[in-house]
There are 2 protein chains.
Amino acid sequence: MAVTIKDVAKKADVAPSTVSRVIADNPRISATTKKRVRKAMKELGYHPNVNARNLAVRSTQAIGVIMPSSAETALQNPFFPEVLRGIGSVAHETEYSLYVSTGGNDEQLFEEVKRMVYGNRVDGMILLYSRDNDPIMDFLIQENFPFVVVGKPYQNESQITYVDNDNISASKEITKHLIDFGHEHIAFIGGTTDLVVTKDRLTGYLDALREEGIEYVDDYVVHDEFLRSSGRKAVEQLFSLEKPPTAMVIADDMMSLGVINMLEEFGVDCPEDVSITSFNNLYLSEITRPPLTTVDIQIYKLGIQSAKCLIEQLKSKDEPAKRLIVPYAIKYRHSTRKLD
Amino acid sequence: MAVTIKDVAKKADVAPSTVSRVIADNPRISATTKKRVRKAMKELGYHPNVNARNLAVRSTQAIGVIMPSSAETALQNPFFPEVLRGIGSVAHETEYSLYVSTGGNDEQLFEEVKRMVYGNRVDGMILLYSRDNDPIMDFLIQENFPFVVVGKPYQNESQITYVDNDNISASKEITKHLIDFGHEHIAFIGGTTDLVVTKDRLTGYLDALREEGIEYVDDYVVHDEFLRSSGRKAVEQLFSLEKPPTAMVIADDMMSLGVINMLEEFGVDCPEDVSITSFNNLYLSEITRPPLTTVDIQIYKLGIQSAKCLIEQLKSKDEPAKRLIVPYAIKYRHSTRKLD
DNA sequence: TTATTTAGCGCAATCGCTTGCCAATAGGTT
DNA sequence: AACCTATTGGCAAGCGATTGCGCTAAATAA
C-alpha cells in the first residue's frame, strides 16, 4: 500500500538496511549516500511505519497518561488539561506520543493499564493522581514498569520517582497567613481523604494551628467530594455550628467555587464574613468573585517535569528514583480579610 | 523477553497459527482445542503484542483526538475533558485506545497530525474544534483519512461526517427568551470569529433579532478571545456605550464567568442590571453567582456520538458521511431577569 | 470398499523495519 | 608488491503476530 523502506532503497539504489540507517542518521553512512537516500524519500513521500519500527526495536515512542477514573467528577477539574498541556509539550519535543486512559471506573481503569503494559502500547506512564492503596501503582511496581507519579506516592516513596509540590508547607504557610490576619476559627475543607494530596494539605493546616498555638476543633475539618454537591454539605455543617469559622482553608479551587456559591445561599459573604484560601491557582480562581487567594502549584510545570523524568528514566534504564519538588507561590488576592 | 504466541503454541502443543485463531475466536478451531490453548495462555500469562498485531493487520486499534493547539487558553475549558470522557467511554468498550494531540501551536499540531497519519499510529481521528480554513482538515480530506469533527466543518459539509448541536436555533431560542423577557438591547459576545461555532451562535442571535423585529446595533456584537483577558475588553466596550445593553448572549460559559467578573468591577449587577445567557452548561455554570441560564449542549454525548461515528466508519470503509445533531436543552437559572 | 467431503490444524509467507556480521573497495604501511 | 585497516554498504535473521492454502484423518456418500 504505502511506500516502504524497500521502495526507497530501490529508488536510491541502495539496500533497505542503508535506508534504515539513514533514517537513524547512522554515522556509518556517508554523507553523499545519505543525501541521495533522503532525496528518494522526499520524492516518494516516504514515512516510516511506526508499528514496524516499534516491533523491531521493542518499544513504542509513547507514554501513557493515567487520569483518575472519569466517573469521578474530578475529571472536570481544569487541573487535568493543564498538566496534560505540560506533558504534551515535552512529549512533542521528544517526539513521544501520548496515550490517555479512558476508564470510567476503577476497574476499567485497571484493565486499561494492563492493556497498556502487557500489550506494549507504551514505554512508561505518568499517574496523575495518588491515592491510598492504589492497585494500579502496586501493579506497576510489581511489573517493574517505568512510571512517575504527579503527587506523592502513598508508600514506597523512596523507590518511586515523583514530582510534587511541598503541599505540607504550602498549606502551613497559607493557614498561617490566615492566622496572621487574626483568624482563630479556621476550618479545613478537603476532598476525599484517600488522596494523599488531601492528607498533606490537611497536615500542613494542622501543623500551622499547632505551631501557632491555636486550638484544633474537630468539627472544623470536613471532607467532601471534590466537586460533587458543590460543597453544600461542608458549608451546611460548618455554619450550623454554634461558633462558625471565620476563615477556611479549602483544598482545591474548584471546591472553593462551590463553597463560595453555597455561602451566598446561606447569606454568608466572602471575604466579609469568612475568609477563604485555596489551592491550585486555576485560571478560574482569578475571575471569580472575589478572586481567590490561592497557592499557585504551577500545574503546567508539574506536567513538564513529570514527563521529563519519565523520559530520562526510559532512556537510561537504571536511572535512580528521583523526587522533584516544584516550588509553589501564594497568590494573594481578595478572598481573605484581616480581622479587626 | 515476554511470552509470545509461540510459547503458548508449544505449551498447548499446537501451531502458532492455531493460537492466533484461538485469540480471534475463529470457528475453525474446535472447542476442545480452544480450551486447551486458553489454559496455556493463562498459565503462561500470555498477552498479545499489539505492535506485532498491528503490523500484521495494518491497523492500530487507536483513534487520535485532536484538540486546538494548547497555546490557546481555550484548552483550559472544561469542555475538553468532558468530550474526552465521552469519547473515552466508547473507546473503552470497543477496546480502542486514545491518542491525544500535544501540539503547542498550530504548526506543531499539524506536524503531530501528520505523524499520526503517516506513521500509521491511529486508524482515524476526531477533531475537537472546527475553524475556518483549517489546514488540518484539508490535509485529512486530501489524504482521505477517516475522521469526524465535533462541530460543523467550515466547508465540504456534505462529505464530512460530523456531530454538532443545532447552534443556530439554540442561539435563536435563547435570545428570544431574552426578548420575551422584554429586552431590546441585547449584546452578543463571542469568541474568535473563525470558529464556526461562534458564527453559528451569532447567526442564531441575528435571526432572533430579525424575526422579532428588533433593531440590530453594530456596537452590540463584540468578539473576544474565549478566555483571555476575561472578557474585559468586551465589557468595557459595551458599557461605555451611551445605551448599554440590558442583556447579553455570550457564546461560552467560561467567557460568561469572565464577563460577570468584569461586570462587578464596573458596578453592573447580573441579573439586576443586565441579563446573561450562555452556552455549554459546564458544571461550573451552576455553581456561579448567579447560576447561569445556559444552553446545555450535552458535551458528553457529543463525545460519545463522535466516537461511535468514527468507529462505524472505520469498520465499514465506505460508510456514508453522516451528520448527527445532538439535541440541546436550555437550562433556565438565575442570570436573566424579566424587564418590567 | 472406495471415493468425496468436511473438519481441524499446521506451513510458511508476510507486515515494514532494525541490526549484527560479513564483504568489498580504497587508501595507507612497510 | 603484499598486507592492513578503515570506510561503506549489503545480507539475512529476527521482532510477534496474521492468514491463504494445503494436508490429514474422520465422516459421509456411492
Side-chain angles (χ1 to χ4, degrees), chain A residues 1-41 44-62 95 115-123, chain B residues 1-38 40-41 44-62 95 97 115-123:
Chain A
M1 195 73 282
V3 19
T4 81
I5 211 173
K6 284 184 195 157
D7 302 320
V8 177
K10 201 159 301 168
K11 174 133 192 166
D13 200 30
V14 295
S17 51
T18 302
V19 178
S20 172
R21 288 191 244 266
V22 171
I23 296 174
D25 203 24
N26 187 311
R28 278 181 40 183
I29 306 298
S30 68
T32 68
T33 309
K34 279 185 184 168
K35 206 133 298 172
R36 188 151 43 93
V37 172
R38 295 220 172 91
K39 179 151 160 286
M41 300 200 311
L44 264 44
Y46 169 78
H47 288 275
N49 178 316
V50 254
N51 280 319
R53 165 162 220 292
N54 290 344
L55 179 57
V57 303
R58 265 181 264 36
S59 105
T60 66
Q61 280 270 99
E95 308 228 318
R115 286 223 314 257
M116 288 192 189
V117 172
Y118 289 139
N120 281 108
R121 285 170 194 273
V122 300
D123 292 342
Chain B
M1 193 73 285
V3 19
T4 80
I5 211 173
K6 285 184 195 157
D7 302 319
V8 176
K10 202 160 297 167
K11 174 133 190 163
D13 199 30
V14 295
S17 50
T18 302
V19 177
S20 172
R21 289 191 243 268
V22 170
I23 296 174
D25 203 24
N26 187 312
R28 278 178 42 185
I29 307 297
S30 68
T32 68
T33 310
K34 279 184 184 170
K35 206 133 297 170
R36 190 151 42 91
V37 171
R38 296 220 173 91
M41 301 198 311
L44 265 44
Y46 169 78
H47 288 274
N49 179 315
V50 253
N51 280 319
R53 164 162 220 292
N54 290 343
L55 179 56
V57 303
R58 264 180 265 36
S59 105
T60 65
Q61 281 270 101
E95 307 227 318
S97 304
R115 287 224 313 257
M116 288 193 188
V117 173
Y118 289 138
N120 281 107
R121 284 168 194 273
V122 300
D123 292 342

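Here is the naming used below: chain letters follow the sequence lines, and residue numbers restart at 1 for every chain.
- Of all the heavy atoms in B/Arg38 and B/Asp25, the pair that sits closest is NH2-OD1, 3.2 Å.
- Between A/Ser30 and D/dT7 there is no side-chain N or O to OP1 or OP2 distance below 4.0 Å.
- With sequence neighbours left out, B/Arg115 forms a salt bridge (charged side-chain N to carboxylate O under 4.0 Å, His left out) with A/Glu95.
- Annotation: side-chain hydrogen bond (donor to acceptor under 3.5 Å, both in side chains) contacts of A/Lys39 (sequence neighbours excluded): A/Glu43.
- Applying the side-chain contact (heavy atoms from CB on, under 4.5 Å) test to B/Ala15 and every residue at least two apart in sequence or in another chain returns B/Ser17, B/Thr18.
- Annotation: side-chain contact (heavy atoms from CB on, under 4.5 Å) contacts of A/Pro48 (sequence neighbours excluded): A/Tyr46.
- The phosphate of D/dT18 (OP1 or OP2) has a side-chain N or O of B/Ser20 nearer than 4.0 angstrom.
- By the side-chain contact (heavy atoms from CB on, under 4.5 Å) test, A/Ala52 pairs with A/Asn49, B/Leu55, sequence neighbours left out.
- Here C/dC9 presents its P atom at 6 Å from CD1 of B/Ile29, a figure rounded to the nearest Å.
- Residue B/Tyr46 places at least one side-chain N or O closer than 4.0 Å to OP1 or OP2 of D/dA17.
- Near DNA chain D, meaning a heavy atom under 4.0 Å from it, residues 31-38 of chain A has A/Thr33 in order of number.
- Here D/dG16 presents its C1' atom at 12 Å from CZ of B/Arg53, a figure rounded to the nearest Å.
- In this structure, CG of A/Asn26 is placed 12 Å from C1' of C/dG20, rounded to the nearest angstrom.
- For the pair A/Ile23 CD1 and C/dG16 C1', the interatomic distance rounds to 10 Å; values are reported in whole Å.
- Each end of the helix from C/dT1-D/dA30 to C/dT30-D/dA1 gets its own axis from five base pairs, and the two axes differ in direction by 60°, given to 10 degrees.
- Within residues 5-18 of chain A, the residues that place at least one heavy atom under 4.0 Å from DNA chain C are, in residue-number order, A/Ile5, A/Ser17.
- Rounded to whole Å, atom C1' of C/dG16 lies 10 Å from atom CZ of B/Arg58.
- At whole-Å resolution of the value, CZ in A/Arg21 and P in C/dT18 are 10 Å apart.
- Residues satisfying the side-chain hydrogen bond (donor to acceptor under 3.5 Å, both in side chains) test with A/Ser30, not counting sequence neighbours, are A/Thr32, A/Thr33.
- In this structure, CG of A/Asn54 is placed 12 Å from P of C/dC17, rounded to the nearest angstrom.
- Atom CG in A/Asn51 sits about 10 Å away from atom C1' in C/dC15, given to the nearest Å.
- When the nearest nucleotides of DNA chain D are assigned to B/Arg28 and B/Val50 by heavy-atom distance, the more 5′-ward of the two goes with B/Val50.
- With sequence neighbours excluded, the residues satisfying side-chain contact (heavy atoms from CB on, under 4.5 Å) with B/Asp13 are B/Arg36.
- Under the rule for a side-chain hydrogen bond (donor to acceptor under 3.5 Å, both in side chains), the partners of B/Ser97 that lie at least two apart in sequence or sit in another chain are A/Arg121.
- Among residues two or more places apart in sequence or in another chain, the side-chain hydrogen bond (donor to acceptor under 3.5 Å, both in side chains) test is passed with A/Arg28 by none.
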